[in-house]
Undergrad: 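I have a structure here, written as structure tokens, and I will follow up with some questions on it.
Quick caveat, the model's predicted, so the values are computed rather than measured. What you see below is based on every heavy atom in this structure, not just the backbone, and it leaves out hydrogens, waters and symmetry mates.
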Amino acid sequence: MLEITQHRIGSTLHLRLHGTLQSEASAQALMHKAHAHLAQPDPELVLDLSRTSLIDSYCLRTLVQLLHDTIDAGGTLRISAISHTLKDVFYVARLDHLFDMADPSRTGGHSTMRIGEYLVSTGRASEEQILHAVAEQGRSGQRLGEILSHQGLIQPRDVLRFLSLRLGIPYVSVRPGMYDPTTVESLTDIENAHRHRVLPLYELEDRVIVATADPHNMAPLDHIAARVQRRVDPVLATAEDIELAINDAFGEDNRIAELISSLEQDSDIDIVDEDWQAETADIDFLSDSSPVINLTNSLLQRAVKDRVSDIHIEPERNNFRIRFRVDGTLHAVMTPPAEIFPALVSRLKVMANLDIAERRLPQDGRIQIATQGHSVDLRFSSLPGIYGEKIVLRLLDQRQAVMDINQLGMGQSILQRYQALLQRSHGLLLVTGPTGSGKTSTLYASLNALNTVDRSIVTIEDPVEYRLGSINQNQVRPLIDLSFAKMLKHVLRQDPDIIMVGE
């Protein structure tokens, strides 16, 4: 649902859009307000899209038409603010230049540099590694980027960033909100999408935007072009991102919009059932519960499937927004109405065994769920604000944990120095950095490398985030006065070779 607020400053009309641009009715509402202003001499339109996270093909075409209508009326149209997701949509649709939002750092330039030169110049690989890969290329006939990727020396994203620079094709992290579901369903099916690793994103007047993991494979792109009788503009994305987006687009469990609609119509829902006390909830089998439980389960299922590290649930004046952090970047998922917020927060507090009546103080808790055949730990954190409690859920998925120091992304020289430090017989190693910088991954990967039968390893943590075999992991418990200091005193009497203090 779209809400449009407006205010005028002289001949300039400012329109702020709240909600999603995903229907013909939303597009018509925007055009109605804008065209009423275009009748004035020298009209100026300013759109604020910072509160708009989702857009479909129809509304994208409407914005382009509105720009042309404004120019024909002798006026100007400017976008003053835009959400991160919509900015990426404009970029992949090649509309950022049209709306004067182009980012010079993202502009492809048809570089003549070879991939080996690019990787060495950016520090992603050494000259020796490139020479070894070139020799392997001569034997196998594979592409150099594929060889380096298979050897674990670079990531597929590094190859695609180079191809973006070389071919002048946008590279983007495809994710929920970066495609129009109607376009996906009308132009492909799940079998072909998976087989060719392509995903139609948006359909414009004269072209179709299609994400592909292999720009050299033109057959699936030509097939889509012949089907719609329009030009296909490719966008580069990793095969992994495309696979996740395909599953999301065609997934039967992706019923969040439907669940929100049912919540809006259910006036009896206020606070969720407080009798839910299971230690681990298998959320895949709780599909016939109340709408708020189904909404919560669907959000968590989608987050696990999309490999989300954090879920942010943030209240605002008229609604609240849900954002997922993927690969270090927050992406807006939806902005449901504010009426749903209390029930969703109460449900999560019940799952974390917290006091649902306490809204004045911050609270921390733990939720353990089972979904897609394995268990996932969630760390619950609430922080009171002027519009309500902001909730952050950190997902700790054992499958996604980096347990190999060779996969941490360190440069070769730094990795060798770090491995030498780990092999020293004594000393203190400090791992520091801001939130999300990889401290936990570095610590657990290091412990995994040191975990041999001839060593006694003990950890003191709050909380224990991942379980490691053959390592004595211990949880700090402030409620019974079992602090880091007290536990460290007793751990030193346990004949340890290595102690990890997670604080």
Undergrad: Walk me through whether I367 and L300 qualify under side-chain contact (heavy atoms from CB on, under 4.5 Å).
TA: CA-CA 11 Å; I367 301 170; L300 298 180; 5.6 Å; no
Undergrad: Do L450 and D497 have side chains that get closer than 4.5 Å, going by heavy atoms?
TA: no
Undergrad: Sequence neighbours left out, what passes side-chain hydrogen bond (donor to acceptor under 3.5 Å, both in side chains) with R360? Give chain and number order.
TA: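 Counting only residues at least two positions away or on another chain, R360 forms a side-chain hydrogen bond (donor to acceptor under 3.5 Å, both in side chains) with E358.
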Undergrad: Looking at CG of L86 and CG of L21, how far apart are the two atoms once the value is rounded to the nearest 0.5 Å?
TA: 7.5 Å
Undergrad: Going from NZ on K349 to CG on L354, what distance comes out if it is rounded to the nearest 0.5 angstrom?
TA: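 Reported value, rounded in 0.5 Å steps: 7.0 Å.
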Undergrad: Under 4.5 Å between any side-chain heavy atoms of P220 and R197, yes or no?
TA: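 Contact flag for P220/R197 side chains = no.
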Undergrad: Rounded to the nearest 0.5 Å, what separates atom CG in L95 from atom OH in Y202?
TA: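 Interatomic distance, L95 CG to Y202 OH, rounded to 0.5 Å: 10.5 Å.
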Undergrad: Check for a donor-acceptor pair, side chain of S446 on one end and backbone N or O of T442 on the other, with a separation under 3.5 Å.
TA: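 At least one qualifying donor-acceptor pair exists.
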Undergrad: Flag the pair L482 / N474 as yes when at least one side-chain heavy-atom distance between them is below 4.5 Å, and no otherwise.
TA: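 Side-chain contact under 4.5 Å: no.
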Undergrad: Is a donor on one side and an acceptor on the other found under 3.5 Å between the side chain of T459 and the backbone of M500?
TA: no
Undergrad: Grab the two heavy atoms, one from I246 and one from A193, that are nearest each other, plus how far apart they are.
TA: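 Minimum heavy-atom contact is CD1-O, 3.4 Å.
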Undergrad: With side-chain contact (heavy atoms from CB on, under 4.5 Å) as the test, would you mind laying out the steps for I224 and T188 before giving the verdict?
TA: CA-CA 8 Å; I224 293 176; T188 190; 5.5 Å; no
Undergrad: Going by side-chain hydrogen bond (donor to acceptor under 3.5 Å, both in side chains), name the residues that satisfy it together with D56, two or more places apart in sequence or in a different chain.
TA: none
Undergrad: Taking the side chain as every heavy atom from C-beta outward, state whether I405 and M410 have any atom pair closer than 4.5 Å.
TA: no
Undergrad: Using side-chain heavy atoms (C-beta onward) and a distance below 4.5 Å, is Q419 in contact with N406?
TA: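 A side-chain contact exists here, since the closest heavy-atom pair is under 4.5 Å.
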Undergrad: So, for S346 and I356, which heavy atoms are closest and what is the spacing to 0.1 Å?
TA: O-CG2, 3.7 Å
Undergrad: Identify the two heavy atoms, one from H18 and one from N319, that lie closest to each other, and give their separation to 0.1 Å.
TA: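 So the minimum-distance heavy-atom pair works out to CB-ND2, 4.5 Å.
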Undergrad: Are there more than 12 heavy atoms of other residues, nucleotides or ligands under 6.0 Å from atom CZ of R175?
TA: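 Check passes, neighbour count above 12.
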Undergrad: So S126 and Q412, do their side chains get closer than 4.5 Å, heavy atoms only?
TA: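 Not touching, per the 4.5 Å side-chain cut-off.
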Undergrad: Below 4.5 Å, heavy atoms only, C-beta onward: do L299 and F324 meet side chain to side chain?
TA: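 Yes, close enough: below the 4.5 Å cut-off.
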Undergrad: Can you sort out the partners of D462 under salt bridge (Lys or Arg N to Asp or Glu O under 4.0 Å), two or more places apart, ordered by chain and number?
TA: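 If we apply the salt bridge (Lys or Arg N to Asp or Glu O under 4.0 Å) test to D462, skipping adjacent residues, there are no hits.
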Undergrad: Partners of T183 by side-chain hydrogen bond (donor to acceptor under 3.5 Å, both in side chains), sequence neighbours excluded?
TA: S57, D180
Undergrad: Taking the side chain from Q22 and the backbone from L54, do they hold a donor-acceptor pair closer than 3.5 Å?
TA: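 It does not hold such a pair.
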Undergrad: Is there any salt bridge (Lys or Arg N to Asp or Glu O under 4.0 Å) pair reaching into residues 472-489, and which pairs are they, with sequence neighbours excluded?
TA: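 Sorted result for residues 472-489: D481-K486.
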Undergrad: Around atom CZ of R455, are there more than 12 heavy atoms from other residues, nucleotides or ligands closer than 6.0 Å?
TA: yes
Undergrad: Enter the distance from F484:CZ to E461:CD here, rounded to the nearest 0.5 Å.
TA: 8.5 Å
Undergrad: Does R347 reach the main-chain N or O of T296 with its side chain, forming a donor-acceptor pair under 3.5 Å?
TA: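 The answer is no, because no donor-acceptor pair under 3.5 Å joins these two groups.
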Undergrad: Identify, with sequence neighbours excluded, every residue that meets ring pair (Phe, Tyr, Trp, His ring centres under 6.0 Å) alongside F380.
TA: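 F380 satisfies ring pair (Phe, Tyr, Trp, His ring centres under 6.0 Å) with no residue once adjacent residues are dropped.
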Undergrad: Checking R379 now: which residues fulfil salt bridge (Lys or Arg N to Asp or Glu O under 4.0 Å) with it, not counting sequence neighbours?
TA: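 Expected list: none.
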Undergrad: Under the side-chain contact (heavy atoms from CB on, under 4.5 Å) criterion, do T182 and Y58 qualify, and how do the steps go?
TA: CA-CA 10 Å; T182 303; Y58 185 90; over 6 Å; no
Undergrad: Of all the heavy-atom pairs spanning P170 and R94, show the shortest one and how long it is.
TA: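 Answer, listing the atom of P170 first, then R94: CD-NH2, 3.3 Å.
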Undergrad: Suppose we screen for salt bridge (Lys or Arg N to Asp or Glu O under 4.0 Å). Which residues come up paired with D233, at least two apart in sequence or across chains?
TA: R207, R231
Undergrad: Hey, what do you get for CE (M178) to CG (L201), rounding to the nearest 0.5 Å?
TA: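 Result: 6.5 Å between the selected atoms.
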Undergrad: Please check if the side chain of T212 supplies one atom and the backbone of L236 the other of a donor-acceptor pair under 3.5 Å.
TA: no
Undergrad: Walk me through it: do T5 and D48 pass the test side-chain contact (heavy atoms from CB on, under 4.5 Å)?
TA: CA-CA 10 Å; T5 57; D48 183 340; over 6 Å; no
Undergrad: Please check if the side chain of T52 supplies one atom and the backbone of L17 the other of a donor-acceptor pair under 3.5 Å.
TA: yes
Undergrad: Y418: which residues meet the ring pair (Phe, Tyr, Trp, His ring centres under 6.0 Å) condition with it, sequence neighbours left out?
TA: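 Listed in chain order: nothing, the list is empty.
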Undergrad: Please list, one pair per line, the donor and acceptor atoms closer than 3.5 Å that link side chains of residues 308-316 to other protein atoms, with sequence neighbours excluded.
TA:
unit_1: S309; atom_1: OG; unit_2: R325; atom_2: O; d: 3.2
unit_1: D310; atom_1: OD1; unit_2: R394; atom_2: NH2; d: 3.4
unit_1: D310; atom_1: OD2; unit_2: R394; atom_2: NE; d: 2.9
unit_1: D310; atom_1: OD2; unit_2: R394; atom_2: NH2; d: 3.4
unit_1: E314; atom_1: OE1; unit_2: R321; atom_2: NE; d: 2.9
unit_1: E314; atom_1: OE1; unit_2: R323; atom_2: NE; d: 2.9
unit_1: E314; atom_1: OE1; unit_2: R323; atom_2: NH2; d: 3.3
unit_1: E314; atom_1: OE2; unit_2: R323; atom_2: NH2; d: 2.8
unit_1: E316; atom_1: OE2; unit_2: R51; atom_2: NH1; d: 2.9

Undergrad: Which heavy-atom pair separates I209 from V92 by the least distance, and what is that distance?
TA: CG2-O, 3.6 Å
Undergrad: What are the two closest heavy atoms between Y179 and P200, and how far apart are they?
TA: CB-O, 4.2 Å
Undergrad: Tell me every residue that passes ring pair (Phe, Tyr, Trp, His ring centres under 6.0 Å) with F320, counting only those two or more places apart in sequence or in another chain.
TA: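 Listed in chain order: F341.
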Undergrad: Answer yes or no: is there a donor N or O on one side and an acceptor on the other, between the side chain of K87 and the main chain of I82, under 3.5 Å?
TA: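 Checking the backbone N and O of I82 against the side chain of K87, no donor-acceptor pair under 3.5 Å is found.
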Undergrad: Taking side chain as C-beta onward, heavy atoms only, is V210 less than 4.5 Å from L187?
TA: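 The answer is no; the side chains never approach within 4.5 Å.
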Undergrad: Looking at CD1 of I369 and CG of L395, how far apart are the two atoms once the value is rounded to the nearest 0.5 Å?
TA: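 It is 6.5 Å, given to the nearest 0.5 Å.
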Undergrad: Among residues at least two apart in sequence or on other chains, which ones pass side-chain hydrogen bond (donor to acceptor under 3.5 Å, both in side chains) with Q416?
TA: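 With sequence neighbours excluded, Q416 shows a side-chain hydrogen bond (donor to acceptor under 3.5 Å, both in side chains) to no residue whatsoever.
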